Q: 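Just dropping this structure here.
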Amino acid sequence: MVFRDDFHIHAAFYRQQSEGGKSGPKVIDQINAAKAAGTRYIGIVEHCNVNPTHPFHSLIELKAEFETLKTQYSGIFRGVEADLLDGGIDCCGNAGRSFLGLDYVIGSVHLSPGIMPRFADYLETEYSRIMLALKNNSNIDIVGHPFISGTRYQKAGVISKWDYSQIPSQWLWEIIRTAKESGKALEVNYRDFNDPFYRNFLADIRDAGVRFCIGSDAHDIEGHVRLESFALVLDELKFTTENQWLPGGASCL
Ligand SMILES: [Zn+2]
Ligand SMILES: [Zn+2]
């Protein structure tokens, strides 16, 4: 297995818990779980958005724990997963990034039928936000899980089946072309690698030399096992480390 780096691991302990709810893992729990799963570089994140369950102070508390661990572990990094909004701006911004002293920012679109009922509106909105973030947003390093919210429209019965064929192929090409120009990475973080249209998208990313990274999106200590299955798909598709995205201070060797 070539790819063993995971920059999308949530330390969910610090978010606002619902009354009686189970608290998620701390940074140390996620580092231990990632190491047990064989992960090399470990990137810890939490959400940065306007959802009350993700208050900004949770990112400050996460940072405080992370700082106590930095001297004990090498190869650990800290970022945020910031919501991408209209215009491609992100919820963290340059000011949030420098205040928190982040190593990187993932920009992700999170939409659902509850927020945007029409599937066509969702698709167009995600495309537009990704494109504008790639073109104009210097704050983000990685576009997180492109179009993963499509699965929610299938689950809610808005569409009968979600797969990458729902996305106009011209849009996928534009995303690849613009990502290549920007030097930003597209994240491989998806649950249906049997979707031939998604595999074609990955192959196009590979052939165009777009930067990429894998994210398990683990919200608990059990979620790390996903990384291996993602990495095996990239091996199968003959990805090499040449265009693998790594944060500053990490080396491919
Ligand atoms: Zn996300
Ligand atoms: Zn996430």
Side-chain angles (χ1 to χ4, degrees), residues 5-17 23-27 29-31 33-34 37 39 41-56 58-59 62 66 76-86 88-92 96-97 100 102-116 122-123 125-127 129-130 133-134 137 139-156 162 164 175 184-192 198 212-227 229-230 245 247:
D5 307 315
D6 185 353
F7 300 105
H8 196 146
I9 300 170
H10 288 268
F13 178 82
Y14 294 99
R15 62 183 63 176
Q16 192 70 42
Q17 305 298 339
S23 50
K26 288 187 162 189
V27 176
D29 302 325
Q30 289 296 50
I31 289 174
T39 304
Y41 292 132
I42 295 168
I44 303 290
V45 300
E46 251 299 61
H47 289 283
C48 185
N49 58 25
V50 294
N51 187 322
T53 59
H54 306 134
F56 192 78
S58 66
L59 298 171
L62 187 159
F66 187 93
I76 61 170
F77 300 87
R78 182 170 51 88
V80 293
E81 181 181 18
D83 274 30
L84 282 185
L85 307 176
D86 283 347
I89 60 167
D90 69 275
C91 271
C92 181
R97 182 183 182 128
L100 292 166
L102 301 171
D103 295 308
Y104 62 95
V105 174
I106 302 173
S108 301
V109 176
H110 295 111
L111 289 171
S112 64
I115 302 167
M116 194 167 279
Y122 152 66
L123 212 56
T125 303
E126 172 135 14
Y127 173 64
R129 291 181 186 182
I130 289 175
L134 288 171
N137 187 336
N139 198 44
I140 69 155
D141 303 278
I142 299 165
V143 171
H145 52 57
F147 297 103
I148 207 171
S149 298
T151 55
R152 293 177 172 174
Y153 287 79
Q154 179 184 318
K155 270 191 203 133
W162 163 254
Y164 254 57
I175 287 171
K184 298 183 195 303
L186 299 179
E187 185 185 56
V188 177
N189 168 345
Y190 191 63
R191 308 299 149 77
D192 186 6
Y198 183 59
F212 66 92
C213 57
I214 322 181
S216 68
D217 217 343
H219 283 64
D220 48 42
I221 58 170
E222 288 81 31
H224 296 265
V225 290
R226 279 200 293 271
L227 191 77
S229 59
F230 293 6
W245 177 88

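We number each residue from 1, following the sequence as shown. In listed order, ligands and their atoms are each counted from 1. As the structure is a prediction and not an experimental result, all values here were calculated from the model. Any value given below was found using the heavy atoms of this structure, including those in side chains, with hydrogens, waters and symmetry copies removed.
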Q: May I ask you to decide if the ring planes of Phe7 and Tyr41 are parallel, tilted or perpendicular, using 30° and 60° as cut-offs?
A: parallel

Q: Please state whether the separation between the Zn ion (ligand 1) and some N/O/S atom of Glu81 is under 2.8 Å?
A: yes

Q: Do Thr39 and Asp6 have side-chain N/O donor and acceptor atoms under 3.5 Å apart?
A: no

Q: Within His110, is some N, O or S atom less than 2.8 Å away from the Zn ion (ligand 1)?
A: yes

Q: Would you say His145 has an N, O or S atom lying under 2.8 Å from the Zn ion (ligand 1)?
A: yes

Q: Taking the ring of Phe77 and the ring of Tyr104, is the distance between their centroids below 6.0 Å?
A: no

Q: Can you say whether the rings of His10 and His8 are parallel (under 30°), tilted (30 to 60°) or perpendicular (over 60°)?
A: tilted

Q: Before moving on, can you tell me the angle at the Zn ion (ligand 2) between the NE2 atom of His8 and the NE2 atom of His10, to the nearest 10 degrees?
A: 100°

Q: Report the C-alpha separation of Arg97 and Asp141 in whole Å, then their side-chain angles, then the decisive distance to 0.1 Å, and conclude whether the salt bridge (charged side-chain N to carboxylate O under 4.0 Å, His left out) test is met.
A: CA-CA 12 Å; Arg97 182 183 182 128; Asp141 303 278; 3.0 Å; yes

Q: Considering only N, O or S atoms, which atom of Asp217 is nearest to the Zn ion (ligand 2)?
A: OD1

